[in-house]
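Notes for the one structure printed next.
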Amino acid sequence: MTPGAGAWTGRHLAVLLVGLVAAIAARAVLLPTAELTGDLDQFVLWTHGIATAPLAQAYNQNVSFPPVMVYTWSLLATVEPGFRTATDASDPAIRALMKVPASLADLGLALGLAWALRSRPWWAVGAALGIALHPAVVYVSAWWGQYESLYVLAALVAYLLAVGGRPGWAAVAVAMAVMTKPQALPLLVPFGAWYLARFGWRGAVRYGAIGAAVVALLWAPFVPFGGPAAYLRNLAEYQDEIFNVLSLRAWNPWWLVQEAYAGGSFVSDSAAIAGPITLRQVGFALAALLEGFVFLAVYRAPSARSLALGLAAAALVAFCALTTMHERYAYAALVFLAPLLPDRRVLAAWFVFGVSFALNLLAAAPPTPEIGRLLPIAGPSGILGSVAMSAVTVATLWLLLRERRAPEDGRDRATRSLEARPAAG
């Protein structure tokens, strides 16, 4: 029997339940906290605008999120009438409510990983609690009030549906992920390769059309008021006028460039280095090249393992190659390496990444001045963190590129299930 394999017992369920209760308790304590309210203030202001005007006019504000987040905030405004008067996160109840969607998504991620590894109960429990109790996950959602876990949950659901033989519903979930945060866009690369390898051009176009239809439906209410165009303008404004630096406190290779040439201070990514070529364009070119390797690797070996590795690699490549990256934008890799934790090489990469990622978050947005002094974003900590994150990216790409199409008798159960029902939707 494979180590770790077997039937679920009361002990497995008890450990999982106790861990999830601890995760919920930790979040309950942190939800009302007010240490990092800058972004929350903006989110509350947008929610206030949604609460006091027709939903279709939401993008009359400078909202920089796709429509799933607008619908989420609209739901919060419906549940809590206080958003009609609240314009910032000064009210503890408003702060707590703003953090609830991401905190619930954290628990969804944990349960999704438990399901992914359900044939190996202790690994399932370990992966689930490794995410639910991970300091970085708790920090981003329950302390900081960011929404990374929402788009990653949609992508994880898409992964589980895809390898479980439900590619049509997986396409719906992929569209939901992309329409939650633009950071989900790199995940289209491995999903696209997987669909093309599994179903050919016709199938890929069919499932792509399903995703496109979902995107169109989500945007439909906003179209009469120019919502899509306004969203793109808002996003461009943030990218070109506010966050137009090599690395916005993300420990990646571009941070090393800022360390070398500016002592950790921000460097504009619009600087030309050869004629009209800018550093941002160099980042796009590097990302396109490396994402191309991700695409080819998943296409060559479209298994459940390759898809998980591809999703982690796609997120890491974007984080390391693109400019203007925030420290949070590697979040998806923490989740998509987790289904492969029984592989000791992946376990090692996941551990190194998890520690580096958590330290990057603490250094970028210290919860207390003392932590800020102990863990400065620049200097040796930033250099070591950037090297570690880059090394994990290289290791993940290496593992992915070593994948081969499995022989007929060696494929995992999820892959065999998928091939037995190629047209399920």
Original post:
What distance do Q258 atom CD and L248 atom CG have between them, rounded to the nearest 0.5 Å?
Top reply: 8.5 Å
Original post:
Rounded to the nearest 0.5 Å, how far apart are CZ of F351 and CG of L341?
Top reply: 12.0 Å
Angle between ring planes, [X] versus [Y], binned at 30° and 60°: parallel, tilted or perpendicular?
X: Y195; Y: F191; result: tilted
X: F43; Y: Y147; result: tilted
X: H326; Y: Y329; result: tilted
X: W255; Y: F266; result: perpendicular

Original post:
Aromatic ring centroids of Y59 and F225 under 6.0 Å?
Top reply: no
Decide yes or no for [X] and [Y]: does some side-chain heavy atom of the first lie under 4.5 Å from some side-chain heavy atom of the second?
X: L31; Y: V100; value: yes
X: W73; Y: F65; value: yes
X: Y139; Y: P367; value: yes
X: V137; Y: L334; value: yes

Subject >> Cation-pi check, R166 onto W169 ring (under 6.0 Å, within 45° of axis) >> reply: no
Subject >> W201 six-ring centre to R206 NZ/CZ under 6.0 Å and within 45° of normal >> reply: no
Original post:
More than 12 non-hydrogen atoms from neighbouring residues, nucleotides or ligands closer than 6.0 Å to CZ on F293, yes or no?
Top reply: no
Judged by atom type as modelled, is there a donor-acceptor pair below 3.5 Å linking the side chain of [X] to the main-chain atoms of [Y]?
X: R280; Y: D269; answer: no
X: K99; Y: T33; answer: yes
X: R328; Y: Q146; answer: no

Original post:
Taking 4.0 angstrom as the limit, do K181 and E148 come out as a salt bridge?
Top reply: yes
Original post:
Which heavy atom of L196 sits nearest a heavy atom of F295, and at what distance?
Top reply: CD2-CZ, 3.9 Å
**OP:** For residues L113 and L156, report the shortest heavy-atom separation together with the two atoms involved.
**Re:** N-CD2, 4.1 Å
Original post:
Which residues satisfy the side-chain hydrogen bond (donor to acceptor under 3.5 Å, both in side chains) test with Q42, sequence neighbours excluded?
Top reply: none
Original post:
Which residues satisfy the side-chain hydrogen bond (donor to acceptor under 3.5 Å, both in side chains) test with S386, sequence neighbours excluded?
Top reply: none
